[in-house]
Amino acid sequence: MSLKEYSSNIDDIGLENIFSTLGWEKSEASDLLISIKEVPNYDGWQIVTKSNTCGDRTIVIPEFSEKYLRNILNLIEESLGQEKWLFRIESEKELFNSFFKGKLTSYGDFPLNDFLGFLSSWGDIFEVSEREKLCSFLLDNFDIDIKIETTEGLLVDRNFLNYQYILRTHSKESGLFFCFKKIDKLDEDLKLLLGLLIIYQDQKREKDTLEKYSKSDWEIILNSLSYSSCLISLKGELVIHNTLFSSLGLYASDCLKLEDNETIECGDRFYKVLKTPLRIKGRDYFSYTFLTDESSSRESGLSISSEELGIISGSIAHELNNPIAGILAALTLLKLEDDIGEDSENLINDMERGAKRCKKLIEVFLGFSRLDPTHSQFDTLESSVEQSLQLLRSRMVESNLKMVFDYKQRNTFSRNLNNSISSMIFYLVLSEAFTLGHHQKLLSSDFDQIKIEVFEELNEIKLRFHPFMKIYDVISKSKLLLHLISLLELDIIGEENDVIIKNIKNN
């Protein structure tokens with residue numbers, strides 16, 4: 001196709017020689033008209049010698065001579081080339097859209113298996129060798145003569161004019177095009193071929209983009225999901241996971257033993273396992289997603305009553321109390337020795353503080369073993385919060401993450417609560433908040449504390465967490481917490497960044 005074509009209303013051999021000298025050919029159908037006066041409603045360019053008024057695509061010159069025509073024709077040629085390119089690009093978009101307006105189908109004996117086999121070994125189309133591999137495959141197997149050109153290659157010397165169809169190699173913006181020289185139309189089989197090629201390259205490009213995400217990027221993405229998720233290497237390395245996965249209490253080695261679609265029980269809940277093998281940057285992994293399986297439930301008779309909870313916790317507490325008492329007595333005797341060094345004394349003091357924390361936890365367990373745990377060992381709510389905080393001290397030291405409290409008593413709570421049970425309620429809430437905060441610390445090394453405002457009101461206790469964390473979404477799934485809340489005739493709700501424990505008992 002040539003842009004240097006013109007039609008003329010003037011019968012003049014001399015004028016024809018001028019155009020021939022400048023490389024233009026006369027044609028009945030062209031985008032340039034030569035005439036004395038402007039022709040109304042002509043869609044292309046016009047060059048005239050007489051005109052009082054003229055349109056945007058009409059140029060008036062004093063005479064038809066090589067002197068006046070040379071530069072004007074060059075400008076018109078450049079403009080026509082730009083118009084043709086823009087038209088091709090718009091047409092190419094419509095051509096691609098037509099591929100996917102309906103379902104891509106194949107007619108006749110389309111060798112789909114051979115084509116899919118080629119895709120499995122085909123790489124990135126932006127590599128020259130991979131482009132050559134594709135062109136050879138299409139020519140040998142489908143007798144399709146196709147060229148893959150860059151945008152720059154199509155624009156050089158208006159190379160795009162040599163092709164009948166051009167089509168991008170991606171559904172999104174791309175600098176590569178499938179180009180066809182001699183073809184009447186794109187039939188259904190060819191549409192299927194090109195559609196599969198474009199889909200494959202789109203997915204490959206998206207995969208390459210995802211591989212560029214950093215670990216922090218993936219942790220943010222995973223923690224936005226409402227399902228427990230993780231990625232584990234074949235060696236049992238926990239590569240990445242979200243907070244909800246941490247709450248399951250599973251080790252990476254445990255996950256590798258699971259099968260796809262298997263149902264497991266974690267923390268009194270049942271989960272369906274989705275296990276998917278992945279290959280990223282030449283390494284093999286398994287991704288796991290744990291979906292709550294509502295179809296499975298505990299068999300009847302396995303629920304634990306308040307009395308049974310008291311018996312179990314009391315038994316544990318008594319079993320632990322005797323060795324802890326012996327440890328504290330031994331540490332006291334060691335401190336009486338005269339020849340212990342400073343380092344040894346500091347170590348003994350640390351051991352003593354740890355044993356005393358264990359003793360406080362034992363006292364909490366013993367609170368469940370009373371004849372009526374709802375009416376024993378009363379204390380202030382603030383002391384219950386403080387006791388729960390003491391139980392978290394060791395985790396704070398290990399993780400270098402603080403929990404800072406600001407306790408505000410606007411009104412005294414309307415009734416007394418069992419200190420052991422209320423301490424355990426606060427402990428369960430704060431423990432989940434600490435877990436969420438610890439994961440946030442992994443994302444930001446500057447994060448070093450969780451601030452909690454506690455507001456004691458007449459009929460509610462409100463805990464407000466800073467920074468924002470989806471704490472209620474996690475604690476609302478704890479059956480033990482909900483059981484203890486119910487045992488004290490309380491209710492727990494979540495509002496934005498608050499957890500609110502409300503009194504529902506009629507005084």
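None of the values given here were measured: they were computed from a predicted structure. Starting from 1, each residue takes its place in the sequence as its number.
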Look only at the side chain of [X] and the backbone of [Y], and say whether a donor-acceptor pair between them is shorter than 3.5 Å.
X      : Y      : value
Ser478 : Ile475 : no
Asn400 : Asp448 : no
Ser79  : Leu75  : no
Arg57  : Asp43  : yes
Gln46  : Val39  : yes
Ser228 : Leu244 : yes
Asn242 : Ser229 : yes

Just checking [X]: does its [atom1] atom have more than 12 heavy atoms from other residues, nucleotides or ligands closer to it than 6.0 angstrom?
X      : atom1 : answer
Lys37  : NZ    : no
Phe447 : CZ    : yes
Phe468 : CZ    : yes
Lys133 : NZ    : yes
Asp11  : CG    : no
Glu78  : CD    : no
Glu83  : CD    : yes

Do you know the tightest heavy-atom contact between [X] and [Y]?
X      : Y      : value
Leu154 : Cys179 : CD2-SG, 3.8 Å
Arg168 : Phe178 : O-CD1, 3.9 Å
Ser65  : Ile18  : CA-CD1, 3.9 Å
Tyr285 : Ser233 : CD2-CA, 3.7 Å
Ile148 : Arg131 : CG2-CD, 3.3 Å
Ala433 : Met469 : O-SD, 3.8 Å

Contact between [X] and [Y] at the side-chain level, heavy atoms closer than 4.5 Å - yes or no?
X      : Y      : value
Glu130 : Ile125 : no
Asp145 : Lys181 : no
Trp24  : Ser30  : no
Leu32  : Ile47  : yes
Lys147 : Asn159 : no
Ile36  : Asn9   : no
Val273 : Asp260 : no
Val454 : Phe426 : no

Which value, rounded to the nearest 0.5 Å, describes the distance between [X] atom [atom1] and [Y] atom [atom2]?
X      : Y      : atom1 : atom2 : result
Ile452 : Tyr407 : CD1   : OH    : 13.0 Å
Tyr271 : Leu291 : OH    : CG    : 10.5 Å
Leu139 : Leu134 : CG    : CG    : 11.0 Å
Ile232 : Tyr251 : CD1   : OH    : 13.0 Å
Ile34  : Ser7   : CD1   : OG    : 8.0 Å
Arg158 : Glu77  : CZ    : CD    : 4.5 Å

Classify the ring geometry between [X] and [Y] as parallel (under 30°), tilted (30 to 60°) or perpendicular (over 60°).
X      : Y      : result
Phe286 : Tyr288 : tilted
Phe126 : His170 : parallel
Phe245 : Phe290 : tilted
Trp122 : Tyr200 : parallel
Phe177 : Trp85  : perpendicular

Note to self: Applying side-chain contact (heavy atoms from CB on, under 4.5 Å) to Ile471 and Leu463, what does each step give before you reach the verdict?
What the structure shows: CA-CA 11 Å; Ile471 178 65; Leu463 292 85; over 6 Å; no
Margin query: What verdict does the side-chain contact (heavy atoms from CB on, under 4.5 Å) test give for Ile425 and Ile485, after you've listed the backbone C-alpha separation in whole Å, the side-chain angles of each residue and the deciding distance to 0.1 Å?
Written below: CA-CA 7 Å; Ile425 288 173; Ile485 289 288; 3.8 Å; yes
Check: Can you check side-chain contact (heavy atoms from CB on, under 4.5 Å) on Ile492 and Leu490, steps first, answer last?
Finding: CA-CA 7 Å; Ile492 187 166; Leu490 301 170; over 6 Å; no
Note to self: Pair Leu250, Ile264 - check side-chain contact (heavy atoms from CB on, under 4.5 Å), show working.
What the structure shows: CA-CA 11 Å; Leu250 291 174; Ile264 63 170; 4.0 Å; yes
Check: Quick one: side-chain hydrogen bond (donor to acceptor under 3.5 Å, both in side chains) pairs with a partner in residues 14-23, sequence neighbours left out?
Finding: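 Every side-chain hydrogen bond (donor to acceptor under 3.5 Å, both in side chains) pair that includes a residue of residues 14-23, provided the two are not neighbours, is Glu16-Lys26.
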Next item on the list: Return yes if a side-chain donor-acceptor contact under 3.5 Å exists between Gln201 and Thr169, otherwise no.
Entry: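 Distance-only check fails for Gln201 and Thr169.
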